[in-house]
Structures are given as C-alpha cells and as structure tokens.
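Side-chain atoms are counted along with the backbone in the values below, which use heavy atoms only and exclude waters and symmetry mates.
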Amino acid sequence: MFSIGDFARHGRVSVRMLRHYDALGLLRPARVDPATGYRSYTAGQLARLNRIVALKDLGFTLEQVATLLADEVSVEQVRGMLALRRAELEAALAEGAARLARVEARLRTIEADGRPPAHDVVVKELPAMRVVELTGIAAGFAPEAIGPVVHPLCAELGRRLPQADVTPAGRLTCYYEQRAEDEVVVHAAIPASVGGGDLNGLAVADLPPTRAATLVHRGALDGVLPSWQAVVRWIDDHGCRSAGPQREAYLDCPEDPAGWVTELQEPISSAQPAAPPPSKS
C-alpha cells in the first residue's frame, strides 16, 4: 500500500489532485483509515490514474473522463468521443493556422510600409438576410460612377418604404454585381420581414449567409476607394478569394457625410489549390 504522498509522487500528480479525483469518484483510495482519515492506494491503481492523466492530456474534461472510464460505456461510444475530440482539435489547429497567417500578413505590412496598417480587417460570419430593394446600373466601380447611382436609389427606396407598409429590420445596405466589363448592377437594399404581394415596386431578394472580410470606413464615401483596396490587399495576403458581391452596410449616416460610418463587406472563401500539371505519358 502507498500513502497518498507516495502514490502522488509515483503517479506524477499532486496530493490535492488525488483528493479532487476522490471527491469526484474518479479514483477512490483503496483504504481510508477510520481513525485518521489517511488515504492509502495500491500499485494496481496506478493504471487507472495513468488513464485519467492521459485522457486529460487529450483535452477531455473530468466529466468526460468519468464517462470514458465507466464500465458500461461501449467501445463504440468511446470511439465516438475520441472522434469528436479529434474533430475539435483539427478545428482548433485550423483556427490557429488562420490566426498565424493573419499575424504574418500584418508583419509583412509593417515590414513593407515601416508602420502598422492603417486599416483593421475583421472576418465575420454574415447571416442570411431577406431584403427589399431597388436596382440601377453604374458604369464601373469607381466612386464617381457609383455615387450618382447609389444616392438617388437610396433616396427612392426610403420614399417607397412607408407606402409599401414595409418596416425595416436592419441597416441600409448596398451591394454590387458586375454584369459586364464596364457595367455594375447597384442594389440599394434594406432588411425586412416580407412575403409576397404588392410592395410599391420594390423587389424582394434573399442574400445568402457568407463569411466576409470586413472593414469600417469612416467619412464620406467619395474617399472609400483606399479602404476597399485595403480589403482587397488583405484578401490576397491571406490566401483567400472573393466569393460574392461586395456590400456596404451604412451604420451611421449623419447629415455631414464626413461623419458617416460604413462597414465594407467582401464575401470570401479559401483560395483553391492550383491544379497539378497534366502528367506526361
């Protein structure tokens, strides 16, 4: 028999941890002296202690460890819990790799420019969104081409909403689709819970859920181009690619455009690996 101190030393755990395992029912002492309360353990109990330590090292909680050590747990259940833990670790590794890539990209920017980046890009999961909208055509993505189309579209959307009995359920958003080389479809949209029926000429569209690189632009939209270019550089630096129409969500639009706050949203997906060259027979 081992005293609790000797057993803890042989098992490479603390006495406090052994007392904790005892309280949880994970590892009961082989004997407890009724007079002194001293705990004693057998050498055979080291195998169970080692299993507890090994499962904890895999990242399982003590509650999960208790389940895995239960006599009535089947091999299939143990395999399922281990497979789930593997999936969790793989996801954590992928997230860590993505975070490392972001750190490296920021370091490259500092090394190239000699200062921290002026824009902070954040990746967000954008939920699916039903909108009512009006559309127009712009002769390109340049601000001087987009602005004269966006402003009257948004104003007209605002005029039509009350007559269509539509209650906005979110922020005004514009998104842009390139139809031809020099032609962009401009959508002025606002989230709303609507079905069919006459909506005073407003169309209904469903924007799918997407992952997006986002950046907050402060100031008039006449100066938005450098901010959009920062998003594009970030996407390239992080090995991603664009995966849908660009969006602009207008978070705050005071009377003075210099005080506007706009979130730029570029849907993204992971870059596809290059196709291998054809084999030569």
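A chain of hydrophobic side-chain contacts below 4.5 Å, direct or via other Ile, Leu, Val, Met, Phe, Trp or Tyr residues, connects Val65 to Leu58. Both Val53 and Leu18 belong to a single network of hydrophobic side chains, linked directly or stepwise wherever heavy atoms of I, L, V, M, F, W or Y lie under 4.5 Å apart. One hydrophobic cluster, built from ILVMFWY side chains closer than 4.5 Å, cannot hold both Leu55 and Leu84; they sit in different ones. With hydrophobic clusters built from ILVMFWY side chains whose heavy atoms lie under 4.5 angstrom apart, Leu264 shares a cluster with Val149. Linking ILVMFWY residues whenever their side-chain heavy atoms come closer than 4.5 Å, directly or via other members, leaves Met1 and Ile4 in distinct clusters.
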Next on the checklist: Please determine whether side chain to side chain contact (heavy atoms under 4.5 Å, CB included) holds for the pair Leu157 and Leu172, giving the CA-CA distance in whole Å, both sets of side-chain angles, and the decisive distance to 0.1 Å.
Outcome noted: CA-CA 10 Å; Leu157 178 64; Leu172 174 66; 3.7 Å; yes
Checklist entry - Can you list the steps and then say if Tyr41 with Ser3 is a side chain to side chain contact (heavy atoms under 4.5 Å, CB included)? => result CA-CA 6 Å; Tyr41 296 82; Ser3 69; over 6 Å; no
Next on the checklist: Before you tell me yes or no, could you show the steps for Ile52 and Leu69 under side chain to side chain contact (heavy atoms under 4.5 Å, CB included), namely the whole-Å CA-CA distance, both residues' side-chain angles and the distance that decides it to 0.1 Å?
Outcome noted: CA-CA 8 Å; Ile52 293 171; Leu69 294 180; 3.5 Å; yes
Next on the checklist: As a quick check of understanding, evaluate side chain to side chain contact (heavy atoms under 4.5 Å, CB included) for Glu266 and Ile235, giving each step before the final call.
Outcome noted: CA-CA 9 Å; Glu266 177 90 18; Ile235 291 172; 3.2 Å; yes
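Listed here is the closest heavy atom pair of Ser40 and Gln45: O-OE1, 4.4 Å. For Val32 against Arg39, the heavy-atom pair with the smallest separation is CG2-CG, 4.4 Å. Of all non-hydrogen atoms in Val121 and Val231, the two that sit nearest each other are CG2-CA, 4.4 Å. For Gly140 against Ile146, the heavy-atom pair with the smallest separation is O-CD1, 3.3 Å. Heavy-atom minimum distance, Ser14 versus Ala8: C-CB, 4.0 Å. Nearest heavy-atom pair, Ala188 versus Cys174, reported as atom, atom and distance to 0.1 Å: CA-SG, 3.9 Å.
A distance of 10.5 Å separates CZ in Arg12 from CG in Leu46, rounded to the nearest 0.5 Å. Distance OG/Ser227 to NE2/His217: 5.0 Å, rounded to 0.5 Å. Atom NZ of Lys56 sits about 9.5 Å away from atom CG of Leu26, to the nearest 0.5 Å. The CD atom of Glu63 lies 11.0 Å from the CG atom of Leu68; values are rounded to the nearest 0.5 Å. How far CE of Met129 is from OG1 of Thr210: 11.0 Å, rounded to the nearest 0.5 Å. To the nearest 0.5 Å, the span separating CD on Gln178 from CD on Gln246 amounts to 9.5 Å.
Contact check for Ser269 versus Arg241: side-chain heavy atoms found under the 4.5 Å cut-off. The shortest side-chain heavy-atom distance between Val131 and Ile190 does not fall under the 4.5 Å cut-off. The shortest side-chain heavy-atom distance between Leu49 and Phe7 falls under the 4.5 Å cut-off. With a 4.5 Å cut-off on side-chain heavy atoms, Pro168 and Leu161 count as touching. At least one side-chain heavy atom of Asp22 sits less than 4.5 Å from a side-chain heavy atom of Pro29. Between Arg211 and Val123 the shortest side-chain heavy-atom distance falls below 4.5 Å. A heavy-atom distance below 4.5 Å is not found between the side chains of Glu156 and Leu153. Counting heavy atoms from C-beta outward, Val216 and Thr262 have side chains that stay 4.5 Å or more apart.
Looking only at distances, no side-chain donor or acceptor of Glu95 sits under 3.5 Å from a matching main-chain atom of Ala92. Of the possible polar contacts, one joining the His238 side chain to the Trp234 backbone as a donor-acceptor pair under 3.5 Å is found. Between the side chain of Arg160 and the main chain of Asn200, a donor-acceptor pair closer than 3.5 Å is present. Between the Asp256 side chain and the Gly259 main chain, no donor and acceptor come within less than 3.5 Å of each other. In this structure, the side chain of Thr214 engages the main chain of Val122 through a donor-acceptor pair within 3.5 Å.
Listed by chain and number, the residues in a side chain to side chain contact (heavy atoms under 4.5 Å, CB included) with Glu183 are Ile137, Arg179, Ala180 (sequence neighbours excluded).
For OH of Tyr38, the number of neighbouring non-hydrogen atoms (other residues, nucleotides, ligands) closer than 6.0 Å is 12 at most. Crowding of Arg85 atom CZ: a count of heavy atoms from other residues, nucleotides or ligands under 6.0 Å exceeding 12. Atom CD of Glu125 sits in a crowded spot, with more than 12 heavy atoms from other residues, nucleotides or ligands closer than 6.0 Å. For Asp165, the CG atom sits in a loose shell: 12 or fewer heavy atoms of surrounding residues, nucleotides or ligands are nearer than 6.0 Å.
A salt bridge between Glu263 and Arg247 is absent, with no side-chain N of the basic residue lying under 4.0 Å from a carboxylate O of the acidic one. The residues Arg9 and Asp6 are annotated as salt-bridged, a charged nitrogen and a carboxylate oxygen being separated by less than 4.0 angstrom.
The closest side-chain donor-acceptor pair between Trp228 and Glu248 falls under 3.5 angstrom. Under the 3.5 Å distance criterion, with hydrogens and angles disregarded, no donor-acceptor pair is assigned to the side chains of Tyr175 and Gln265.
Taking the ring centroids of His187 and Tyr176, they lie at or beyond the 6.0 Å cut-off.
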